[in-house]
Peer 1: 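Below: one structure in structure tokens.
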Amino acid sequence: MGILIASMTPDRALGDSAISQAITKIAIALAGYRQLPVQKRLPLIDVVFMLPGSQERVQFTGLRIRGFDPAAQSLQFEAAVPDKMVASAHAERYVIAVMQDAIDAGAEFFRERQLLFDSAEHLALSEALVAKPRYAVN
């Protein structure tokens, strides 16, 4: 798969939060696109959203590279989810924005290592995941 997302949830109470629901919804949507060529090619981007718990928190902000597995051609990122996003109405858009940041950073990483990576195709896929407004037909 071209893009994978997951979350690290330190508190059970976060399971029903807006951010957890957004991550789950977008992961399901990504799975629906698994037949696309962009989702079948390597290298892949793997983003783990690190949710803030009441007892446990990550010691960084933003997005960082966790590592690169050359055998699996997998670039792993960690995203520190800010407190204000946990219950935000904009949680879905935040998840997409983080994915797009990871795609941009991944494109630079792969370019430096001379690995082919179609960032435009990945960005187009991420845009397809954005919820479209629905209008009533009268």
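The first residue in the sequence is number 1, and the count goes up from there.
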Peer 1: Is a side-chain N or O of Q76 found less than 3.5 angstrom from the main chain of S74, in a donor-acceptor match?
Peer 2: yes

Peer 1: Once salt bridge (Lys or Arg N to Asp or Glu O under 4.0 Å) is applied, what residue pairs with a partner in residues 43-56 remain, sequence neighbours excluded?
Peer 2: none

Peer 1: To the nearest 0.5 Å, what is the distance between OG (S126) and CD1 (I5)?
Peer 2: 11.0 Å

Peer 1: Without hydrogens or angle criteria, can the side chains of E92 and Q21 be said to hold a donor-acceptor pair below 3.5 Å?
Peer 2: no

Peer 1: Would you say the side chain of L44 lies within less than 4.5 Å of the side chain of L4, judging by non-hydrogen atoms?
Peer 2: yes

Peer 1: At what distance, to the nearest 0.5 angstrom, does OG1 of T24 lie from CD1 of I19?
Peer 2: 10.0 Å

Peer 1: Hey, does L63 have a side-chain heavy atom less than 4.5 Å from the side chain of V98?
Peer 2: yes

Peer 1: Treating R93 as the side-chain partner and H90 as the backbone partner, does any N or O pair qualify as donor plus acceptor under 3.5 Å?
Peer 2: no

Peer 1: What's the shortest heavy-atom distance between Y94 and P82, and which atoms?
Peer 2: OH-CD, 3.3 Å

Peer 1: For F110, which residues count as a ring pair (Phe, Tyr, Trp, His ring centres under 6.0 Å) partner, sequence neighbours excluded?
Peer 2: F117

Peer 1: Which pairs with one or both residues in residues 9-54 pass ring-ring contact (aromatic ring centres under 6.0 Å, His included), sequence neighbours excluded?
Peer 2: none

Peer 1: Return all side-chain donor-acceptor pairs below 3.5 angstrom for residues 101-108, not counting sequence neighbours, or 'none' if the list is empty.
Peer 2:
none

Peer 1: Return the minimal non-hydrogen interatomic distance between P10 and P52, and the atom names on each side.
Peer 2: CG-C, 4.2 Å

Peer 1: When you compare the side chain of Q39 with that of L30, does any pair of heavy atoms fall below 4.5 Å?
Peer 2: yes

Peer 1: How many angstroms lie between atom CD1 of I23 and atom OG of S7, to the nearest 0.5 angstrom?
Peer 2: 4.5 Å

Peer 1: Would you call R57 and D83 a side-chain contact if the rule is heavy atoms closer than 4.5 Å?
Peer 2: yes

Peer 1: How many angstroms lie between atom CD1 of I45 and atom CD1 of I3, to the nearest 0.5 angstrom?
Peer 2: 7.5 Å

Peer 1: For residues 64-72, which side-chain donor-acceptor pairs fall under 3.5 Å, sequence neighbours excluded?
Peer 2:
unit_1: R64; atom_1: NE; unit_2: E78; atom_2: OE1; d: 2.8
unit_1: R64; atom_1: NH2; unit_2: E78; atom_2: OE1; d: 2.8
unit_1: D69; atom_1: OD1; unit_2: A71; atom_2: N; d: 3.1
unit_1: D69; atom_1: OD1; unit_2: A72; atom_2: N; d: 3.3

Peer 1: Check whether S20 reaches the backbone of L14 with its side chain - one donor and one acceptor, N or O, closer than 3.5 Å.
Peer 2: yes

Peer 1: Cation over ring, R111 on F109, under 6.0 Å and within 45°?
Peer 2: no

Peer 1: Linking directly or through intermediates, with side-chain heavy atoms under 4.5 Å: list the remaining ILVMFWY members grouped with M50, chain and number order.
Peer 2: M8, V48, V58, F60

Peer 1: Measure the spacing between CG of D118 and CG of L125 and express it to the nearest 0.5 Å.
Peer 2: 11.0 Å

Peer 1: Report the C-alpha distance between Q100 and E127 in whole Å, list the side-chain angles of each, state the deciding distance to 0.1 Å, and finish with yes or no for side chain to side chain contact (heavy atoms under 4.5 Å, CB included).
Peer 2: CA-CA 9 Å; Q100 291 172 339; E127 280 298 322; 2.7 Å; yes

